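Given the structure is predicted, the values throughout are model-derived calculations rather than measurements.
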2 protein chains.
Amino acid sequence: MASPMYRQIAEDLRAQIESKELSPGQQLRTELELREHYGASRNTVRDAIKLLTTLGLVETKPGQGTFVVRKIDPHVTMLTTDPKTGPGGDITQHSGVGQVVISSDPQVEIQKATPSVAEALRIAEGSQVVSRHQKRHIDGTPWSMQTTFYPMGFVLKGADRLIQADDIVPGTVSYLADTLGLRQIGYRDWIKVRTPDATEANFFNLPLDGRVSLYEIFRTGFDQTGTPMRLTVSVYPTDRNQFIVNVGDVPNLNITS
Amino acid sequence: MASPMYRQIAEDLRAQIESKELSPGQQLRTELELREHYGASRNTVRDAIKLLTTLGLVETKPGQGTFVVRKIDPHVTMLTTDPKTGPGGDITQHSGVGQVVISSDPQVEIQKATPSVAEALRIAEGSQVVSRHQKRHIDGTPWSMQTTFYPMGFVLKGADRLIQADDIVPGTVSYLADTLGLRQIGYRDWIKVRTPDATEANFFNLPLDGRVSLYEIFRTGFDQTGTPMRLTVSVYPTDRNQFIVNVGDVPNLNITS
DNA sequence: GGGTATTTGTCCGTATGTATT
DNA sequence: AAATACATACGGACAAATACC
């Protein structure tokens, strides 16, 4: 009837954390101390801590101890912008007060379209695409990775800056409009959540057991004929990112919390 | 140098799963068999399986065995609709082919505004609000929970159907327009991801160790004066839900995958 | 830099409980 | 009722990471 001991221990510690009896950043008692305190074996105490770890309440540091996690101040990204003038293609992060956003130079590759890229751009699977990949940091913390795919035909028709490893200012949307007459009149964002792979866990400094997941947002941009002209795939760790969607008339937001 | 044994075992099994050598739904060898196969102790094999479990690749069933998880066919919800005519207030699920959506009768309560509700509705903390709560199933599977908050003043001014535990057809948006002259001209969705609490894990049949997280979407609706008129908080398990945001002109979507 | 104490990580063996078939 | 398979719990040993002197 009674729940297992490791759960009871975890519940007891959880209550202490929720009630701020143990404050964020504070160190818990060591496994040996908890073992004596609860009259359990060290492995049972470790099971309790393991549970709290996957719940995202504590984190363990070898050689140091177990600590209550400090919640990361989340970064909020607006998904709805004017598709014709605003960023609208790549998803840009909007920095809050005193936040410093740093984007890496794009890493440009010519690739064959994977099935999902081909479907989004409505081109043949295996045909060539330009891939532009960027990483973004905020205040020194890795925040997002994004890759934008363009049909290779754009380059052949004259948009050769797409294959240069530099930022395109004032933006690829207006560059493609100027060069090829392609106007982006809208985009669709498809939002999913999944566990990170090893590369992503490494870049974002996430635990490799997948307990912190990622938003994966597929943004397909459409030109004036309704044809897909670009696909941007962005990933953001869910522990430090939130999103806003505005529909219709919405008053300005003053972020207080 | 070498990674720990339980990781190597997990990696070996993971590779078999990714390569479809072990297909979704298929049973893995038992812990005892794996123990002999890898020449490790049962506890070490269990550590490997535990890792795969938090990665969401396998699930264990006492008395039966360990199985490769079957990926759930995700349900896609459109977040951008016409705020004046469409649902726009409550978030409605759009059913795919042959999917049966069932919404429970709303559970109506009068509550005091929590700080976050008060802030969203721009009313005083602790003032009274009407809370309408609904649960939704698709094809018999629990899919989402949502609670909408209205200022209690709406009821006093005549919108007394808000406190009846029935569906308001054709929708609360048009009901409030007819009754109080409040027209919703826009809304803002704020999208977060967090771990479920015990109640939510129970309703959605999620493991209580928090490895499946929830979208939590705060939708604030605004009337013609730019004043918040409603707050809808919805939660959706991330393992079975995705979202779409359309901006500008976007061609119709035919869902193929 | 080295050495030592502390703390968590890995791995083992064993016993017993619980859920399912 | 019996067999099977995972879940819980204990105790012990050594490794690895970190901090401190």
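Comparing A:Gly63 and A:Val45 by the nucleotide of DNA chain D that holds the closest heavy atom to each, the one mapping nearer the 5' end is A:Val45.
One atom, CZ of A:Arg35, and another, P of C:dT6, lie 15 Å apart when rounded to the nearest Å. The interatomic distance linking B:Tyr38 (OH) with C:dC11 (P) rounds to 14 Å, in whole Å. In this entry the distance linking CG of A:Asp209 with P of C:dT10 reads 11 Å, nearest Å. Rounding to whole angstrom units, CG of residue B:Leu52 and C1' of D:dC6 are separated by 15 Å. Atom P of nucleotide C:dT14 and atom CG of B:Leu32 are separated by 13 Å, given to the nearest angstrom. One interatomic measurement links the two molecules: CD of B:Glu59 to C1' of D:dC6, which rounds to 13 Å at whole-angstrom precision. Per the geometry, CZ belonging to B:Phe67 stands 10 Å off C1' belonging to D:dA5, to the nearest Å.
With hydrogens and angles left out, the side-chain atoms of A:Thr66 and A:Arg29 include no donor and acceptor closer than 3.5 Å. Counting only N and O atoms by type, the side chains of A:Arg211 and B:Thr195 include no donor and acceptor under 3.5 Å apart.
A salt bridge does not link A:Glu216 with A:Lys192: every distance from a Lys NZ or Arg NE/NH1/NH2 to an Asp or Glu carboxylate oxygen is 4.0 Å or more.
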Between the protein and nucleotides 7-9 of chain D, which nitrogen or oxygen pairs come in under 3.5 angstrom?
unit_1	atom_1	unit_2	atom_2	d
D:dA7	OP1	B:Thr60	OG1	2.8
D:dA7	OP2	B:Arg46	NH1	2.9
D:dA7	OP2	B:Arg46	NH2	3.4
D:dA7	N7	B:Arg42	NH2	3.0
D:dA7	N6	B:Arg42	NH1	3.2
D:dT8	OP1	A:Tyr6	OH	3.0
D:dT8	OP2	A:Tyr6	OH	3.1
D:dA9	OP1	A:Met5	N	2.4
D:dA9	OP2	A:Met5	N	3.3
D:dA9	OP2	A:Tyr6	N	3.1

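If you check D:dA1 for Watson-Crick or wobble pairing at under 3.5 angstrom, you find it has no partner at all.
Shown are B:Gln26, B:Lys20, B:Glu21; of these, the side chain to side chain donor-acceptor pair (under 3.5 Å) with B:Ser23 is made only by B:Gln26.
Aromatic pair B:His137/B:Phe203: ring centres closer than 6.0 Å. Ring-centre distance between B:Tyr236 and B:Phe243: below the 6.0 Å cut-off.
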